[in-house]
Amino acid sequence: MFRSFVVKMLLGAAAPLCVMLVSGVALYGALQTAVQTGEKLAQEQAVIAAAHNLTLRFLDAETGERGFVITGKDTFLVPYDQALSSFDLIQANLRTLLVGQPDQLARLDEAQRLFEKWNREVAVESIAHRRSGDAPPDIALSEEGRRLVDSFRTLMADFNQHTQQDLQNTQRASILIVSRANQIALIGFGSAVLLALIIWLLLANRTSLAVGGVTQAARRVMDGDLHYRAPVIGHDELASMALAFNQMATRMEEVVRAEQQARLGLSEQVELMVASRTHELVAMNSMVELLQSCQVFDEAVQVTKTLMPALFAGTTGGLLMRMEQGGLLRTTVQWGKQQAYPGHDYTDRDCWAIRRGKPHQCEVLDASQDMVCNHIAPIPGKHLCIPLIAQGMTFGVLHLGVDAAQAHDWENRREFATSVTEQLSISLANLRLRESLEQQSVRDPLTGLYNRRYLEATIERELSRALREQAALSVIMLDLDHFKAINDDHGHTAGDRVLVQVAQLLMDHLRGEDLVCRYGGEEFTIILPRADQAVALQRAEELRALVLALRIEIGTGLEPLAVTASFGIASYPQHAETVEDLLTVADDALYDAKDQGRNRVRVAQLKAS
């Protein structure tokens with residue numbers, strides 16, 4: 001292609017052939033040097049671009065490694081692996097561009113050493129440390145990694161500075177060559193005819209414009225204006241040089257734009273992940289606050305029914321709860337595709353997580369697959385069962401499942417489900433403990449009946465309701481006859497058996513709304529809401545007959561004990577209108593029964609008008 005330019009020169013020197021030939025040869029040599037200078041400029045630009053790309057690969061690897069250490073997500077290792085695979089390729093390309101530059105090659109070797117040291121001593125160790133569990137990050141490794149990254153940046157900055165200096169020197173040489181070419185052209189054209197002089201001046205001007213355009217474009221690109229392009233004039237080798245430079249600048253711009261988009265996409269993914277995790281933590285904290293506000297276990301069950309489907313939106317699953325210690329597992333709530341299958345009561349053998357005492361994960365492919373819990377519906381996908389265990393008690397099991405389309409987010413779901421299960425187990429254990437303590441404060445430890453403290457609080461409430469609804473309320477006081485003789489003749493163990501058997505008899509033969517309490521010693525009190533004197537009298541007579549027929553085993557080879565009881569009845573509003581008066585008159589009626597021979601029922605005297 002360069003011969004087209006030589007032809008133009010020869011045509012311009014047609015008159016003074018010898019002078020034209022000498023001038024043409026000299027000008028040709030100057031132009032060849034200019035072309036070589038341009039190629040050197042392009043090479044040094046390529047060195048700058050490759051050095052910049054090498055630095056970006058290191059930063060991408062360090063960003064991916066740090067993202068994995070923070071989150072534990074394998075997706076962050078993709079840019080790390082890509083950077084490892086491309087680093088050596090970029091370095092090899094850069095090494096070919098630096099042939100004959102030992103100082104720059106030494107800096108490049110040092111950069112490779114720093115990168116390999118960072119990868120070997122920091123990245124690989126940090127990733128292995130993170131994979132080993134939930135241990136906190138190693139601060140020493142982080143500090144060493146930061147130091148190596150800073151050293152790498154400093155070294156590459158020095159590398160780029162020397163390259164920029166070489167580039168400037170080449171640009172100055174290019175300008176000198178252009179100037180020399182102009183001088184040669186002017187001297188040669190001065191010896192030729194006017195026509196040759198005019199042609200040679202035009203050729204020199206063409207050369208100056210082409211090389212100057214490329215030089216200016218190189219400066220603009222070097223300053224960061226990647227959109228700037230060198231002007232392409234004509235179809236000769238100068239135009240080809242401008243075209244080559246423009247192609248290089250276009251490729252550089254595409255690479256930088258792709259890297260910026262990749263970093264932007266990675267940043268958006270991190271922000272979305274943080275926002276999702278924040279939303280999950282807020283929802284879990286809200287659930288914990290509601291559970292802490294519950295007073296009884298059943299309230300906590302209602303809270304889980306409301307919140308669980310929202311906490312695990314987009315998944316399938318259910319929550320099985322043990323409503324009483326040692327009882328069956330009852331399905332309290334289901335969500336997702338699991339809702340299409342009716343819940344049942346299950347035993348511990350129906351769930352592998354309960355049997356093993358730790359989370360159980362399985363993947364359902366077909367209905368005949370083994371190691372799938374019986375409470376899991378045949379829904380294809382990954383499934384996880386986590387037992388609700390705290391303070392040595394098992395309260396139930398959380399089942400969570402996702403289909404193949406959501407398998408990419410399985411680890412996040414698994415971690416969140418584990419956190420929710422831990423918080424839920426602790427809250428349920430605290431509620432069970434609170435209920436147990438409350439029961440101990442109001443229950444008689446021997447008979448299991450409510451104690452006098454609970455009686456006094458309950459009868460106040462029942463009397464207020466009877467007054468508000470204008471309904472009846474009756475109280476039965478009963479006392480075992482000759483109980484002291486039983487303790488004296490047979491021992492306190494036999495007396496305790498009598499109390500337990502009588503208490504069980506009373507609980508078995510009263511209505512669900514009735515309340516029976518141990519008032520003290522061998523004395524019991526029964527509250528009959530909405531029962532008038534006639535109903536209370538009938539109930540007392542039935543209980544008296546049942547006690548009379550009761551036979552209590554007190555030991556091997558000993559005759560069963562027969563006991564009797566005396567009953568006193570008082571009703572609102574016939575006999576009293578206050579709690580104190582109602583208990584007093586019922587107690588008086590009981591003593592009347594005692595005085596009249598025991599084993600009988602007596603009704604209190606009507607109150608004075």
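Just so it is clear, the model here is predicted, and its values are computed rather than measured.
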Handout entry: Ion pair check, R57 and D60, cut-off under 4.0 Å
Key = yes
Problem - CG-SG distance between L320 and C351, expressed to the nearest 0.5 angstrom - result: 7.5 Å
Handout entry: I386 and R414, any side-chain heavy atoms less than 4.5 Å apart
Key = no
Exercise for the section: Could you tell me whether the side chain of R263 reaches within less than 4.5 Å of the side chain of L56, counting heavy atoms only? Expected result: yes
Practice task
May I ask you to check whether over 12 heavy atoms, not counting those of R356, lie within 6.0 Å of atom CZ?
Solution key: yes
Problem - Interatomic distance, Q101 atom CD to R95 atom CZ [nearest 0.5 angstrom] - result: 12.5 Å
Practice task
Give the minimum heavy-atom separation between K73 and F68, together with the two atoms involved.
Solution key: O-CD1, 3.0 Å
Handout entry: Heavy-atom side-chain contact between L424 and L398 under 4.5 Å
Key = no
Problem - Sidechain-backbone polar pair: N53 side chain, A49 backbone, donor-acceptor under 3.5 Å - result: no
Handout entry: Close side-chain approach of H383 and V372, heavy atoms under 4.5 Å
Key = no
Handout entry: Side-chain heavy-atom pair F159, L54 within 4.5 angstrom cut-off
Key = no
Fill in the blank from the handout: Scanning both residues in full, the closest heavy-atom pair of L114 with L155 reads CD1-CD2, 4.1 Å
Practice task
State, with a plain yes or no, whether a side-chain heavy atom of H360 is found less than 4.5 Å away from one of C373.
Solution key: yes
Exercise for the section: Taking S85 for its side chain and Q82 for its backbone only, find out whether a donor-acceptor pair lies under 3.5 Å. Expected result: yes
Practice task
Decide yes or no for F152 and L148: does some side-chain heavy atom of the first lie under 4.5 Å from some side-chain heavy atom of the second?
Solution key: no
Fill in the blank from the handout: Applying side-chain contact (heavy atoms from CB on, under 4.5 Å) to R66 and not counting sequence neighbours gives E62, T63, I70
Exercise for the section: Kindly compute the distance separating CD1 (I354) from NE2 (H375), expressed to the nearest 0.5 Å. Expected result: 7.5 Å
Completion exercise
Output for pair (R153 CZ, L59 CG), nearest 0.5 Å, gives 5.0 Å
Practice task
Look up atom CD1 in I127 and atom CG in N119, then write down how far apart they are to the nearest 0.5 Å.
Solution key: 7.5 Å
Exercise for the section: Give a yes or no on this: more than 12 heavy atoms of other residues, nucleotides or ligands lie within 6.0 Å of atom NZ of K358. Expected result: no
Practice task
Quick one: closest heavy-atom pair of V397 and L319, and the distance?
Solution key: O-CD1, 3.6 Å
Exercise for the section: In sequence, state the C-alpha distance, the side-chain angles, and the governing distance for R251 and M248, and then conclude on side-chain contact (heavy atoms from CB on, under 4.5 Å). Expected result: CA-CA 5 Å; R251 178 56 181 165; M248 179 193 69; 5.8 Å; no
Problem - Minimum-distance pair of heavy atoms, taken over all atoms of L329 and G396 - result: CD2-CA, 3.9 Å
Problem - Audit row: H52, I48, side-chain contact (heavy atoms from CB on, under 4.5 Å) steps and yes/no - result: CA-CA 6 Å; H52 177 70; I48 293 174; 5.5 Å; no
Exercise for the section: State, yes or no, whether a side-chain contact exists between H162 and D158 at a heavy-atom distance under 4.5 Å. Expected result: yes
Practice task
Could you grab the distance from atom OG1 of T163 to atom CG of L97, nearest 0.5 Å is fine?
Solution key: 10.5 Å
Fill in the blank from the handout: By ring-ring contact (aromatic ring centres under 6.0 Å, His included), F87 pairs with (sequence neighbours left out) F115
Exercise for the section: Dump the intermediate steps for side-chain contact (heavy atoms from CB on, under 4.5 Å) on T418 and E422, then the final yes or no. Expected result: CA-CA 6 Å; T418 301; E422 291 175 355; 3.8 Å; yes
Practice task
Decide, yes or no, whether a salt bridge links E110 with R107 under the criterion of side-chain N to carboxylate O below 4.0 Å.
Solution key: no
Completion exercise
Note: P387 and P359 closest approach over all heavy atoms is CD-N, 3.8 Å
Practice task
Looking only at non-hydrogen atoms, find the nearest pair between A50 and I90 and report the distance.
Solution key: O-CG2, 3.6 Å
Practice task
Would you mind checking if R257 and E254 are paired as a salt bridge, meaning a charged N to carboxylate O distance below 4.0 Å?
Solution key: no
